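Notes for the one structure printed next.
All figures in this text were calculated on a predicted structure; none of them were measured in a lab.
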Amino acid sequence: MLVFVSAVLFIVLSPLIVYLLRKSIAKDDRKALQSRDLSWYSAKHPACVQGGKVACHACSGAHVDVRYLPVDRQPMVGPAWREHVCKNCGETLFYSESRNLLEKT
């Protein structure tokens with residue numbers, strides 16, 4: 001009888017524990033993305049952000065590509081995220097939040 005009760009508790013509680021862990025990880029992911037936004041990039045590389053234009057800190061490239069993070073890198077909860085990447089060298093410069101997946105970048 002004890003084995004049956006233990007098995008039932010395991011089956012019932014396992015999904016709850018996994019859900020709570022994933023939610024906690026997603027919250028950490030969002031915080032990490034939010035901490036590397038344009039204002040962070042501007043503070044860290046002030047010479048690369050001037051007059052509303054952004055340049056790459058690694059190669060000084062002036063062309064920045066904006067793309068959505070792949071699904072496996074998106075936080076589980078909340079808005080979609082975009083990464084701003086240098087077209088010349090591929091360096092990720094910063095991240096921005098997008099409330100609407102259909103939004104034009």
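- Under the rule for a side-chain contact (heavy atoms from CB on, under 4.5 Å), S35 has no partner lying at least two apart in sequence or in another chain.
- There is a path of hydrophobic side-chain contacts, each under 4.5 Å, that joins L93 to L38.
- At a threshold of 4.5 Å between side-chain heavy atoms, the hydrophobic network of Ile, Leu, Val, Met, Phe, Trp and Tyr places F94 and L33 in two separate groups.
- For residues 36-64, the side chain to side chain donor-acceptor pair (under 3.5 Å) pairs, not counting sequence neighbours, are D37-S39.
- Shown here are the side-chain contact (heavy atoms from CB on, under 4.5 Å) partners of A58, two or more places apart in sequence or in another chain: C56, C89, E91.
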Could you walk me through whether E97 and W81 pass side-chain contact (heavy atoms from CB on, under 4.5 Å), step by step? CA-CA 5 Å; E97 191 176 331; W81 285 86; 3.9 Å; yes
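- Counting all heavy atoms, side chain and backbone alike, H84 lies closest to V64 at CB-CG1, 3.8 Å.
- Shown here for P46 and A43, the closest heavy-atom pair between the two residues is CD-O, 3.7 Å.
- Taking both residues in full, the closest heavy atoms of N88 and C59 are given as ND2-SG, 3.3 Å, listed atom of the first, atom of the second, then distance.
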